[in-house]
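Worksheet: one structure, shown below.
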2 protein chains.
Amino acid sequence: MTIQQPQTRIQKKNREAILDAALGVFSDHGFRGATLDQIASAAGLSKPNVLYYFASKEAIYTALLSGLLETWLDPLRAIDPDGEPVDEILGYVMRKLQMSREYPRESRLFANEIVQGAPRILDQIEGPLKELVDRTAGLFLGWMDDGRLARLDPHHLVFSIWATTQHYADFSAQVTSILQTEGDAHIDQAETFLRDFYRRALLPDSP
Amino acid sequence: MTIQQPQTRIQKKNREAILDAALGVFSDHGFRGATLDQIASAAGLSKPNVLYYFASKEAIYTALLSGLLETWLDPLRAIDPDGEPVDEILGYVMRKLQMSREYPRESRLFANEIVQGAPRILDQIEGPLKELVDRTAGLFLGWMDDGRLARLDPHHLVFSIWATTQHYADFSAQVTSILQTEGDAHIDQAETFLRDFYRRALLPDSP
DNA sequence: CGTCATCCTGACCGTTTGGTCAATAATTTC
DNA sequence: GAAATTATTGACCAAACGGTCAGGATGACG
């Protein structure tokens, strides 16, 4: 896609610092709520210097989004069509929950974007994301036909996994406020719950 | 709480128009992303006139939030402790999904607020919301002890219901983009899926 | 060391934003 | 229908915002 310019070490360092700072600021305040001054300050650079590396605020944002979508879909791609259906899906749930634990900023960045109508990544959703989800749904359907997985709408099964796992990153303010937990503790609990929950829902009825 | 000022008919009409307009604008763009001009325009009023009825942009926002939280929790309060456990919870899931269908703006308003750390309603979450959830969790626990409901962490069960139902309002851009549905159709599908899904997960194992 | 490209910044600009205010218009009240 | 109250607005303001630019500092390299 993008031409690989010969990046100097300073460029590499500062581009990374800016993207990391922007990830924090954008995920906390959304695109409109974030300011270049906040990003520059968080990156330890001056505002004009930030704009020396990225053409605009929007350029930083889209660079973040497109760079992250890949990582975000990896757990879905890692489902093994030759594995045991329930275990494979439970594994996917756990990997997705793990991402909520390790990358809450990334999760909230997407959440912010999609809640507001996904104006800047709708094409990526309609394209590669839809394709991957459709393919996975087909795999699930096959497993259901073989009687190795409870019969449920496969697309909505994927949605439920996204919803229940990302919830712990996107709405952690609410969750920790109700559970009165600190740090990661609520995700430890979620791990146990989601394993039980999905196992019950997914195990096919004995014939 | 608030003193009931003798509201004139004009006050009533314009306050409602402003809150309705603000609901649309805030849910689409978040607090920071929304502007008073957008709200005023959507309400059919001039900006200074909007500020004649509300002291500030923030006052409009908090008026919306606190006025809506009640409505938002009603479905949870409607769970009947004397009903059949699985049916009661399935009913709650359906009512909550119905709210995603009828009040997507309200759902996205809360989503925006909580994703960004719930800075303006954290106390209401830690107070009345937590209390209601704790009480409901206790009810669920009792049902589990009686063997009338599968044993699962009751708090996280509530979270899963919030996550899976609100997902269809908050992330409808993504869902409809993947399903290629129009309007409400994705929620019709969700209804069937969630009924099957939760029935499987909640029915206790036969003794 | 010299020179050339890269890196960085203070000062600045036009626009947008939340909010004010004095003056005017519309309604209600007596 | 006059007086008093409520409603509405155009003009305005200060601050914040995204972004520009000329020029200086710093680094890479022969």
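Remember, predicted model here, so these are calculated numbers, not experimental data. Letters A, B, ... are given to chains in the order of the sequence lines, protein chains preceding strands, and every chain is numbered from 1.
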TODO: Look up atom CG in A:D153 and atom CG in B:L194, then write down how far apart they are to the nearest 0.5 Å.
DONE: 10.0 Å
TODO: Answer yes or no: is there an ion pair linking B:R101 with B:E191, defined by an N-O contact shorter than 4.0 Å?
DONE: yes
Open item on the list: I'd like to know if A:E102 and A:R95 make a salt bridge, using a cut-off of under 4.0 Å between side-chain N and carboxylate O.
Closed with: no
Open item on the list: Over 60° means perpendicular and under 30° means parallel, so tell me whether A:F159 and A:W162 are parallel, tilted or perpendicular.
Closed with: tilted
Open item on the list: Within residues 28-48 of chain B, which residues have any heavy atom lying less than 4.0 Å from an atom of DNA chain C?
Closed with: B:A34, B:T35, B:L36, B:K47, B:P48
TODO: Indicate yes or no: does A:D196 engage B:R151 in a salt bridge with an N to O separation below 4.0 Å.
DONE: no
Distances under 3.5 Å between nitrogen or oxygen atoms of protein and nucleotides 24-29 of chain C:
{"residue": "C:dT28", "atom": "OP1", "partner": "B:R9", "partner atom": "NE", "Å": "3.1"}
{"residue": "C:dT28", "atom": "OP1", "partner": "B:R9", "partner atom": "NH2", "Å": "3.2"}

TODO: Look at the side-chain N and O atoms of A:Q11 and state whether any lies under 4.0 Å from the OP1 or OP2 oxygen of C:dT6.
DONE: no
Open item on the list: I'd like to check A:Y198 versus A:L203 (side-chain heavy atoms, cut-off strictly below 4.5 Å). Are they in contact?
Closed with: no
- [ ] Under the salt bridge (charged side-chain N to carboxylate O under 4.0 Å, His left out) rule, collect the residues that match up with B:E16, sequence neighbours excluded.
- [x] B:K12
TODO: State whether A:R77 and A:D74 are salt-bridged, where the test is any N-O pair (Lys NZ or Arg NE/NH1/NH2 against Asp/Glu carboxylate O) under 4.0 Å.
DONE: yes
Open item on the list: Would you say that more than 12 heavy atoms from the other residues, nucleotides or ligands in this model lie under 6.0 Å from the CD of B:E84, or not?
Closed with: yes
TODO: In plain terms, say whether B:R105 and B:D28 are close enough for a salt bridge, that is, a side-chain N and a carboxylate O under 4.0 Å apart.
DONE: no
Task: Lys/Arg-Asp/Glu bridge criterion (N-O < 4.0 Å) met for B:K130, B:D134 - done: yes
Task: B:L129 vs A:Q174 side-chain heavy atoms within contact, under 4.5 Å - done: yes
Task: Parallel, tilted or perpendicular: rings of A:F110 and A:W72 (30°, 60°) - done: tilted
TODO: Could you check B:R15 against B:Q11 for side-chain contact (heavy atoms from CB on, under 4.5 Å), going step by step and ending with a plain yes or no?
DONE: CA-CA 6 Å; B:R15 280 204 151 89; B:Q11 274 170 22; 4.0 Å; yes
Open item on the list: Distance under 4.0 Å to a non-hydrogen atom of chain B counts as contact; along DNA chain D, which nucleotides mark the start and end?
Closed with: D:dT6 to D:dC17
Task: Runs of at least three Watson-Crick or G-U pairs with DNA chain C, cut-off 3.5 Å - done: C:1-30 with D:1-30
Task: Strand contacts (DNA chain C) in residues 53-67 of chain B, 4.0 angstrom heavy-atom criterion - done: B:S56, B:K57
Task: A:R120 charged N/C atom sitting above A:F31 aromatic ring, 6.0 Å / 45° - done: yes
